[in-house]
Amino acid sequence: MDKTKTEVSGTNHRTTEKTSRRQFLKITLSLVVSVALCLNSAFVFIRVSSVFIRGYSSFSEIFGLLSHRFRLWVIILPPSQREMEFAMPSRTRDYAILLAVTATLTLPYLGGVSLWDVDEAVNAQAAREMRDANTWVIPTFNYQLRTAKPVMLYWLQRVSYAAFGVNEWSARFPSVIASWLIVLLTYELTRRMFGRSTALLAGVVLASVSHFAVLAHAATPDATLLLFTTLTYLAFWSLHQNGSRAWWIPTAAACGLATLTKGPVGIALPGFVIVMYFAWNRELGRLLDRRLFVSAVVFVFVAVPWYALVASETRGEWLTAFFGNENVNRFLNPMEGHRGALWYYPGSIMLMFIPWSAFIIAAVWYGVKATREPNPPTPFPKKEGGAGFSPSPLGGGVGEGSFVTVRANRLLVCWVVAYLAFFTVAATKLPNYVFPVYPALAILIARFLVAWRDAELTVPRWLMPAGAFGLLIVGAVVAGGLLVGDETFPGLGRWAAIGIVPAIGGVGMVWCLRQERRNAAIQVVSVTAIAFVALLVTWTPRVLERQRAPRELVRATGLADPTRDVRIATFEWFQPSVVFYTGREVGRLNSSAAVGEFLAVPTPGYVFVPAPVWDELAADLPGPRRVIARHHDFLRKCDVVVVTNVPSADVATR
């Protein structure tokens, strides 16, 4: 009898693993379909890209192109229009909606703004130097070894440079593609947790978070890290259910890619989350599996070869600096003045997650409540045949069908708590560090709103009006911030009217609540968020650009001309983007005497220096010298000038 039970158990286990593999293949097939969809819409994106490269397109032009191709008004489907859970036509339509929304929020004016110092410029130049040196191993910046980040972003930027040339647009394009895939992966993860309607809303929520849209425009590794982090949790969730062990290898491979992008956090934090999740479910024994060793080999195969090569070619210098300074020292000591209190990250998320931060507190509250055992029923009960139903032996008794929902909420809560706890303990704090929790928060918000819409969740009467009031507060904060910023960036105050958009959304939501039209209320908030973030990330950077000096100074002096034999240096002012825009090594002078010696050499020399500093130096420096360019720099809060030892009057017009 025991032998028979063992054989049946083994057969069921193999069947479960086959089912899990089929689910993972569905994910892969869905991504292939999304690529086909992009190709089918290639003419739209080519037109968009060409316009942005020229740098003078408007949001309305792009929105018109995309909305003609995709039906953007179908944002959230009411319950009566839901289709079968894994129906490919519905998935394709959802992908079209999500790609259209994400493209609308990430492509506009992508190459119109110069690279931001410090991170964007350093990353873009490091990729260019690797390309020029024809190496895929050793990253450098300003022709010195760069040890701050691993290599994944530089590889992607090199590919983008090969396709589109070396410019701001191509440096940022990998982050754009990563953001599109993140939204699709978040959709897939949510669909497996809570169903299609919640998945579609979760994708819209994530895409229309202001900070997400900003980092999707940035030549930084944040979007790429989030891509592989989301892939990690999707692989784990899709393949671990019903006792399956099929999750080990795909999860390890995704962690390896994340480790190539940002370092140890790519595996340490997902591993911490998975351990917390299994401990919560009293399943720590599932970690004692022979596949742990196989997955370790897969992780090593994906992540370690590059680390080994760079260690070998730099004689260990890169590894020592990266792990010692960029990881251990950054965790133990606040570097570059980036410190904060215990509330630093909760406060940052509330600010960076606008306009959806109006619903974060309620969503997290009910998400935590939904982690309770399903007997008595959870706040989010699921009926048989629904997305959350599973006849798995993991549940039992009353509410068995809601057990998958409970486990999904537990994973999301562990995801958020683990990252917040880790980075709160760390001494160095930056808002971007908790960027990997954004998909989890978007899913919690979407689940909360859909459960409220479908009357699966009863909330206090004041709660949803409070969310509408939160949108009014978001509008007031944004408008006030832009008005205050007008002192530093003249012209920014006129865009304070952007704050009206979330305020209108709040009023529209109140009207829908009074009419008891819950689905319409969610649609109003979704469209409001898309419009608000599109305006915020498209138009305000144009005003900021006027107060940034590096690109304009290089353009005015003609120092980007590779045929000119010149020397370039800076004194008491250094911005990495000067290196990118000149395409040359830029020296850093450390004294007024060094400035004099630099200008005394007959070879044409150019020094970038703050205007007040130059006014003090000019009288004491011998030899020919002229100011040939001047531009205001908001970081230094003064004009920056370019001084040369070339006496010819035609230099200023070159």
Side-chain angles (χ1 to χ4, degrees), residues 75-76 97-98 101-102 104-106 179 182-183 186-187 189-190 194 197-216 226 230 345-367 412 415-416 420 431 434-453 457 459 463-478 481 498-499 501-510 512-513 518-537:
I75 298 296
I76 305 300
I97 294 171
L98 293 175
V101 170
T102 311
T104 302
L105 296 173
T106 55
S179 69
I182 292 165
V183 170
T186 300
Y187 168 89
L189 177 59
T190 313
F194 302 116
S197 186
T198 305
L200 184 57
L201 180 56
V204 172
V205 169
L206 182 61
S208 55
V209 168
S210 58
H211 195 208
F212 182 87
V214 168
L215 291 182
L226 183 55
T230 309
Y345 286 117
S348 297
I349 289 175
M350 291 298 292
L351 180 62
M352 300 297 179
F353 219 78
I354 58 172
W356 293 100
S357 52
F359 304 97
I360 279 186
I361 296 176
V364 172
W365 173 266
Y366 283 101
L412 295 174
W415 185 346
V416 174
L420 288 180
V434 292
F435 187 55
V437 306
Y438 282 21
L441 291 174
I443 295 171
L444 287 171
I445 290 174
R447 178 58 186 153
F448 165 71
L449 292 175
V450 171
W452 164 77
R453 181 197 69 185
L457 175 64
V459 302
L463 185 57
M464 300 313 292
F469 182 70
L471 291 175
L472 296 175
I473 294 177
V474 168
V477 169
V478 170
I498 293 176
V501 177
I504 293 174
V507 173
M509 183 179 177
V510 170
C512 291
L513 292 175
R518 296 188 175 189
N519 190 67
I522 297 177
Q523 290 178 331
V524 166
V525 176
S526 300
V527 174
T528 296
I530 295 170
F532 167 71
V533 173
L535 291 171
L536 192 65
V537 301

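Being a predicted model, the structure only gives us computed values, none of them experimental. Keep in mind that the numbers below use all heavy atoms, side chains included, and drop hydrogens, waters and symmetry copies.
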Q | Interatomic distance, L105 atom CG to L535 atom CG [nearest 0.5 angstrom] | A | 10.0 Å
Q. How close do V537 and A213 get, heavy atom to heavy atom, and via which atoms?
A. CG1-CB, 3.9 Å
Q. V101 versus S208: any side-chain heavy-atom pair under 4.5 Å?
A. no
**Q.** OG1 on T102 to CG on L206, rounded to 0.5 Å
**A.** 8.0 Å
Q. So, do V364 and V416 sit near enough that their side-chain heavy atoms are less than 4.5 Å apart?
A. no
Q: Please step through side-chain contact (heavy atoms from CB on, under 4.5 Å) for the pair V437 and Y345, ending with a clear verdict.
A: CA-CA 11 Å; V437 306; Y345 286 117; over 6 Å; no
Q.
Name the residue from V183, L98, V527 that meets the side-chain contact (heavy atoms from CB on, under 4.5 Å) definition with V204.
A. L98
(Q) For the CG atom of L449 and the CD1 atom of I522, what is their distance to the nearest 0.5 Å? (A) 5.0 Å
Q) Which distance, rounded to the nearest 0.5 Å, do you find between the CD1 of I182 and the CZ of F212? A) 4.5 Å
Q: For residues S526 and W356, determine if any side-chain heavy atom of one lies less than 4.5 Å from a side-chain heavy atom of the other.
A: yes
Q.
Within the 4.5 Å heavy-atom criterion, are Q523 and C512 side-chain neighbours or not?
A. no
**Q.** Results of side chain to side chain contact (heavy atoms under 4.5 Å, CB included) for V459 - residues two or more places apart only
**A.** Y366, F448, W452, L457, L463, M464
Q) Considering all heavy atoms of both residues, which atom of P465 and which atom of L513 are nearest to each other, and what is their separation? A) N-CD1, 3.9 Å
(Q) Between L226 and L215, does the side-chain contact (heavy atoms from CB on, under 4.5 Å) criterion hold? Intermediate values first, please. (A) CA-CA 10 Å; L226 183 55; L215 291 182; over 6 Å; no
Q: For the pair T528 and I504, evaluate side-chain contact (heavy atoms from CB on, under 4.5 Å) and give the outcome as yes or no after the intermediate values.
A: CA-CA 8 Å; T528 296; I504 293 174; 5.8 Å; no
Q.
Please find the pair of heavy atoms, one from T106 and one from A216, that lie closest to each other, and give the distance.
A. CG2-CB, 3.5 Å
Q | Euclidean distance, L441 CG relative to L412 CG, rounded to 0.5 Å | A | 9.0 Å
Q.
Tell me if a side-chain donor or acceptor on S210 pairs with a main-chain N or O of M352 at a distance below 3.5 Å.
A. yes
Q: To the nearest 0.5 angstrom, please state how far the CD1 atom of I445 sits from the OH atom of Y438.
A: 11.0 Å
Q. Would a distance-only check, ignoring hydrogens and angles, find a side-chain to backbone donor-acceptor pair under 3.5 Å from W415 to P436?
A. yes
Q: Check whether any side-chain N or O of T190 sits under 3.5 Å from a backbone N or O of A199 as a donor-acceptor pair, and report yes or no.
A: no
(Q) If you compare all heavy atoms of A521 against all heavy atoms of M509, which two are closest, and at what distance to 0.1 Å? (A) CB-CG, 4.2 Å
(Q) Taking side-chain hydrogen bond (donor to acceptor under 3.5 Å, both in side chains) as the definition, give me every residue that meets it alongside T230, ordered by chain and number, with sequence neighbours left out. (A) none
Q. Nearest heavy-atom pair of F359 and G467: which atoms, and what distance?
A. CE2-CA, 3.9 Å
Q.
Please give me the minimum heavy-atom distance between P355 and L471, naming the atom from each residue.
A. O-CD2, 3.6 Å
